[in-house]
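Here is the structure we will look at, set down as structure tokens.
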Amino acid sequence: MAKVISRAKYDKFFSIAGIALLILGVILYFSGIRKIFDLPIFLILIGACVAAKGLISSSKKTAGEVVFSGKTFGEFLTNNAILLAMLVLVVVICILQPRFMQVRVALDILTQSSTKLIMALGICFTLLIAGTDLSAGRMVGLAAVISASMMQTATYANRFFPDLPQVEVWIPILAAIAACMIFGALNGFLVAKYDMHPFIATLAVQVIIYGTCSLYFDMPPNNSQPIGGIRPDFSALGQMRLLSGIWKGFPGISILIPIALVICVIIWFVLNKTVFGKNVYAIGGNREAAVVAGINVFRNIMGIFILASCLYGVAGVLEAARTAGATNNYGNGYELDAIAACVVGGVSLNGGIGKVGGIVMGVLIFTIIQYGLQFINVSPMWQQVIKGVIIAVAVAIDLTKYRRK
């Protein structure tokens with residue numbers, strides 16, 4: 001039997017629940033119970049977010065009703081199955097290993113998610129037009145090798161370019177991103193001009209990129225040796241910690257986190273507030289209709305792959321800075337994780353559907369699951385099995401929703 005409540009009561013419930021969680025967190029924080037680590041801080045943050053959501057919704061005074069029934073409950077489970085499974089896993093991990101409930105762990109997860117998120121935001125554009133980009137991971141490796149090769153200290157024994165002067169840090173960054181954008185333009189040209197399936201086009205370009213990167217990496221005097229001796233001003237782009245020491249035991253926030261957040265805001269704006277973004281959704285929803293509507297499909301597809309490659313280049317540069325080095329194998333397989341994160345985050349493989357918020361959740365879900373399973377010493381082989389199951393379930397849910405529509 002369905003139960004109907006007003007939107008005002010629904011929002012009020014969120015406000016009360018959030019305040020209750022916030023108060024519980026404060027009580028636990030001052031209780032001094034050491035076995036729960038930083039759980040009170042997480043409760044305070046979650047409570048504040050939930051309460052804010054309820055209060056903001058209440059202030060809008062939205063009219064209408066909320067229906068609770070078996071059907072709506074089933075739809076909720078279908079739409080949030082992966083997220084709910086992750087929450088259950090997190091609870092289990094916290095019970096098995098309470099040290100997981102630490103701010104330091106949460107910051108590590110966010111740091112590891114940052115470059116993955118930037119890459120996923122790039123690949124989402126190709127998925128939104130019912131395509132894909134298998135060359136993304138190799139572009140990350142190309143950008144990492146190019147930027148790192150030009151950013152070695154003058155005293156390093158095995159310099160990639162022994163006679164290269166100490167250039168400004170932005171020059172290698174722009175060179176790496178430009179190289180990726182050239183290959184992105186090639187992807188777009190093959191797809192837009194010859195109507196080649198993105199799977200085949202990007203697979204071909206992936207091989208070309210890896211060969212090109214390997215040839216560059218094998219140039220003498222480097223001869224395929226891992227690139228090291230990275231300058232501090234470059235490695236700071238991936239290793240700097242903000243607000244470290246602001247209170248006792250706080251490790252600081254990796255600079256990668258605000259960089260990823262800024263890029264998220266930019267991509268959200270592009271997709272939701274620009275003509276280009278609306279064209280991306282239109283082409284993905286129905287390409288023939290987009291052509292009839294006067295949208296320049298060739299130009300927009302070129303723009304999609306070039307913008308995506310720009311983001312891959314940024315991710316590659318940050319990876320090189322974070323690890324203070326690079327090899328030609330950087331980025332290998334990254335595109336598969338990025339595609340999986342997008343699908344888990346609600347980006348439809350059929351095109352035309354996907355949001356930045358969902359992509360953020362997808363990346364976080366995968367990172368939390370991987371980090372959490374490592375935290376409790378689950379075998380890497382079982383981790384791969386679990387990741388595969390998640391991908392299969394996410395795609396099955398996506399196809400089920402598509403058939404219903």
Side-chain angles (χ1 to χ4, degrees), residues 42 46 73-97 100-101 105-106 108-128 130-134 136-137 140 199 202 260 264 315 331-405:
F42 290 120
I46 294 171
F73 182 70
E75 290 176 351
F76 174 79
L77 290 179
T78 301
N79 294 331
N80 300 278
I82 303 297
L83 178 60
L84 294 172
M86 184 207 69
L87 292 175
V88 171
L89 177 63
V90 168
V91 172
V92 171
I93 292 171
C94 290
I95 293 172
L96 295 175
Q97 185 53 267
F100 194 72
M101 298 182 290
V105 171
D108 284 344
I109 290 172
L110 291 175
T111 301
Q112 290 186 20
S113 300
S114 298
T115 51
K116 296 177 182 178
L117 176 57
I118 295 170
M119 187 172 175
L121 289 170
I123 217 163
C124 83
F125 281 90
T126 66
L127 295 176
L128 285 172
T132 189
D133 192 347
L134 298 181
V140 169
F199 183 93
T202 59
C264 279
N332 184 25
Y334 281 22
E335 70 279 354
L336 300 180
D337 286 343
I339 293 169
C342 287
V343 173
V344 169
V347 179
S348 176
L349 294 175
N350 295 292
I353 299 174
K355 296 180 179 179
V356 171
I359 296 167
V360 173
M361 287 304 303
V363 172
L364 286 175
I365 285 171
F366 261 106
T367 308
I368 290 170
I369 290 172
Q370 183 177 356
Y371 192 99
L373 293 176
Q374 291 175 354
F375 207 85
I376 57 176
N377 297 319
V378 173
S379 167
M381 292 173 282
W382 274 110
Q383 291 180 32
Q384 295 300 316
V385 171
I386 294 170
K387 185 186 291 186
V389 170
I390 292 171
I391 295 170
V393 171
V395 174
I397 292 172
D398 174 60
L399 293 174
T400 300
K401 290 189 288 187
Y402 181 75
R403 289 195 189 99
R404 285 177 182 173
K405 292 181 179 179

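Everything quoted here is computed from the prediction, not taken from an experiment.
Note: L373 CG to L89 CG = 5.5 Å, rounded to the nearest 0.5 Å. Interatomic distance, I95 CD1 to M101 CE, rounded to the nearest 0.5 Å: 9.0 Å. Interatomic distance, I123 CD1 to K116 NZ, rounded to the nearest 0.5 Å: 14.0 Å. Taking CD1 from I365 and CD1 from I390, the interatomic distance works out to 8.5 Å, rounded to the nearest 0.5 Å.
Closest non-hydrogen pair, A130 versus N350, comes out as CB-O, 3.7 Å. Between M119 and G137, the shortest heavy-atom contact is CE-N, 3.4 Å. L117 approaches A260 most closely through the heavy-atom pair CD2-CB, 4.3 Å. Summarising the geometry of L134 relative to T202, their closest heavy-atom pair is N-OG1, 3.1 Å, with the distance given to 0.1 Å. Here the shortest heavy-atom pairing between C342 and A120 reads SG-O, 3.4 Å.
Ring geometry for Y371 versus F100: interplanar angle of 30 to 60°, hence tilted.
With sequence neighbours left out, the side chain to side chain donor-acceptor pair (under 3.5 Å) criterion links T367 to S113. Evaluation of the side chain to side chain donor-acceptor pair (under 3.5 Å) rule for T115 yields E319 as partners, not counting sequence neighbours.
Within the structure, salt bridge (charged side-chain N to carboxylate O under 4.0 Å, His left out) pairs that include any residue of residues 358-373 do not occur (at least two apart or interchain). Contacts classified as salt bridge (charged side-chain N to carboxylate O under 4.0 Å, His left out) and involving residues 368-383 (residues at least two apart or in different chains) are not found. Applying the salt bridge (charged side-chain N to carboxylate O under 4.0 Å, His left out) definition to pairs two or more places apart or across chains, none involves residues 351-367. Listed by first and then second residue, the salt bridge (charged side-chain N to carboxylate O under 4.0 Å, His left out) pairs involving residues 334-352 are D337-K387 (not counting sequence neighbours).
Here the side chain of Q383 pairs a donor or acceptor atom with the backbone of V378 at under 3.5 angstrom.
Contact check for T132 versus L127: side-chain heavy atoms found under the 4.5 Å cut-off. Looking at L110 and L364, their side chains come closer than 4.5 Å, going by heavy atoms from C-beta outward. Side chains of F125 and D133 form no contact here, defined as non-hydrogen atoms less than 4.5 Å apart.
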Please determine whether side-chain contact (heavy atoms from CB on, under 4.5 Å) holds for the pair F375 and L96, giving the CA-CA distance in whole Å, both sets of side-chain angles, and the decisive distance to 0.1 Å. CA-CA 10 Å; F375 207 85; L96 295 175; over 6 Å; no

